[in-house]
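Report on the structure given below.
In what follows, chains carry the letters A, B, and so on, assigned in the order in which the sequence lines appear, proteins first and then strands, with residues in each chain numbered from 1.
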2 protein chains.
Amino acid sequence: MNQPVIQSLTRADEAFDCLQTAIVMGDLAPGEKIGEVELCARFNLTRGPLREALGRLESRGLLVRKPHAGVKVVSVSADELIELYRIREVMEGLAARQAAERMTDAEIADLKATLDSHEQMIEEAQGQAYYQAEGDYDFHHRIATGSRNAKLAQMLLGDLYYMVRMYRYRLSTSAGRPHMALGEHRRIVEAIAQRDGELAEFLMKRHINAARQNIEQKIKQGVLTI
Amino acid sequence: MNQPVIQSLTRADEAFDCLQTAIVMGDLAPGEKIGEVELCARFNLTRGPLREALGRLESRGLLVRKPHAGVKVVSVSADELIELYRIREVMEGLAARQAAERMTDAEIADLKATLDSHEQMIEEAQGQAYYQAEGDYDFHHRIATGSRNAKLAQMLLGDLYYMVRMYRYRLSTSAGRPHMALGEHRRIVEAIAQRDGELAEFLMKRHINAARQNIEQKIKQGVLTI
DNA sequence: AATCCCGTCATTGTTGACAATATGAAGTCA
DNA sequence: TGACTTCATATTGTCAACAATGACGGGATT
């Protein structure tokens, strides 16, 4: 009766999830030097599974580890954030193209419905950038999985998005392009619905390119200091 | 005096490298189910560092692990191999474009020299596909690092190339496009030397696209059975 | 005879203790 | 006074034993 619940996960997986979300949510600030014992106490873990999780996170580029010196959360510079968007541009362009070729009609209908709910959420929670960011994440998530390209989805969902989201949370309202992004999303879905892969790729690339330029501009204005 | 040598690496790193090369070289066949104690005996390791390395490899997609059931080398289907090339196409296209914008003149000169040595190696070791494959790998490696895009290079060198090389070794002479590839390489370098990023991207994409079509054709002919 | 259940076994997951190394402070010398 | 060396400490890396879980085989029952 001591809540065995859903013990399907191993401790290392648990540690991995905890650490990853802690990093993404900003509970562990970039550049922060963290000790293993401290983390163990914080997440009720022992060092074995923790170290395994740390290894995975390092392999994914969220942590940097120097032998015998400790581990610290990766701190991405403004330039590197821009580079991330350049990568997203080409990879998500491919994802959109393949999604247009391979998504089922049901998935596309679902995607449209999702956009409707996003629109409603934006109208209701005017200015609540958080929900919008989550909606944006949801949209891109669906495209990635819809590409039916396992490795592509893994790289986008497992690597890039976590790093981007990490900065989204920290900068809170990085985007600030409320309705504009939704319109772009709609056009992309339209292209996918028409099975026009080439157009979907083009629109997606332009969409991410615009987001990058937006961030670049704000950094230049000093609004976003990283 | 017991050869301390260069102990800068930790055991887990050592284990990671051993496992990774073993997988890439085909010493551990895809689908093969491997026990931890067996691996420990094979590579003179203890289970601690080994497990950490296994975690990293799983995170990179070279292994699949089922709790309490063991770990086995990932087996990629023919379709998935093709998908890998689709990803390479867009990512290396970006790498080529950024390399054209950012590589130093010295790096470009070095790259040209590398191609000369490749040409010589191909002529000398006629038909020795191994050396050619290594030369090809070297070329793409240099472009990736030359892009000055850390994350892009990490994803290419740390994720994709290992999976592609895994199949290169297994299929031994997968390529079979000896001089053609070298010519394409030369044209790409030429575009980079002229700082024409757009052209470099286009040529690189076409280059990888051709390689993909070549493999696709051979699979269809039944020459390559995966 | 086939299927289901149960117990043993091997393998994985976890834990705590031990060894090795880098960081930091104190002391000494130029 | 400043810089270098030395030592102590805390932290990380490693190891071997313990616990838990899934897999395999034998037996009984339908």
How many whole angstroms separate atom CG of A:Leu50 from atom P of D:dT14? 15 Å
Within less than 4.0 Å of OP1 or OP2 of D:dT12, is there a side-chain N or O belonging to B:Thr10? no
Ring geometry between B:His207 and B:Phe139 (parallel below 30°, tilted from 30 to 60°, perpendicular above 60°): perpendicular
Taking CG from B:Leu39 and P from C:dT11, how many angstroms apart are they, rounded to a whole number? 12 Å
When rounded to whole Å, the CG to C1' distance for the pair B:Asp13 and D:dT14 reads 13 Å
Got a donor-acceptor contact below 3.5 angstrom from the B:Gln98 side chain to the B:Ala95 backbone? no
Expressed in angstrom and rounded to an integer, what is the separation of B:Arg51 atom CZ from D:dG13 atom P? 17 Å
In whole Å, what is the span from the CD atom of B:Glu52 to the C1' atom of C:dG13? 15 Å
Between P of C:dG13 and CG of A:Leu45, the distance in whole Å: 16 Å
Phosphate oxygens OP1/OP2 of C:dT21: is one of them under 4.0 Å from a side-chain N or O of A:Lys66? no
With a cut-off of less than 4.0 Å, is there a side-chain N or O of A:Arg47 near OP1 or OP2 of D:dT11? no
Between CZ of B:Arg11 and C1' of C:dA20 the distance, given in whole Å, is 11 Å
Note: B:Asp105-B:Arg195 ion pair, threshold 4.0 Å (strictly below): yes
Would you please indicate if the ring centroids of B:His118 and B:His185 are separated by under 6.0 Å? no
Closest-nucleotide 5' rank along DNA chain C - winner of A:Lys33 and B:Val71: B:Val71
Whole angstroms only, please: what is the NE2-C1' distance between A:His68 and C:dT21? 5 Å
Just checking A:Gly70: base, sugar-phosphate only, or nothing, at a heavy-atom cut-off of under 4.0 Å? sugar-phosphate
When you measure from the side chain of B:Glu36, which nucleotide among C:dT14, C:dT12, D:dT12 comes out closest? C:dT12
Can A:Arg165 be said to sit on top of A:Tyr161's aromatic six-ring, NZ or CZ under 6.0 Å from centre and within 45° of the ring axis? no
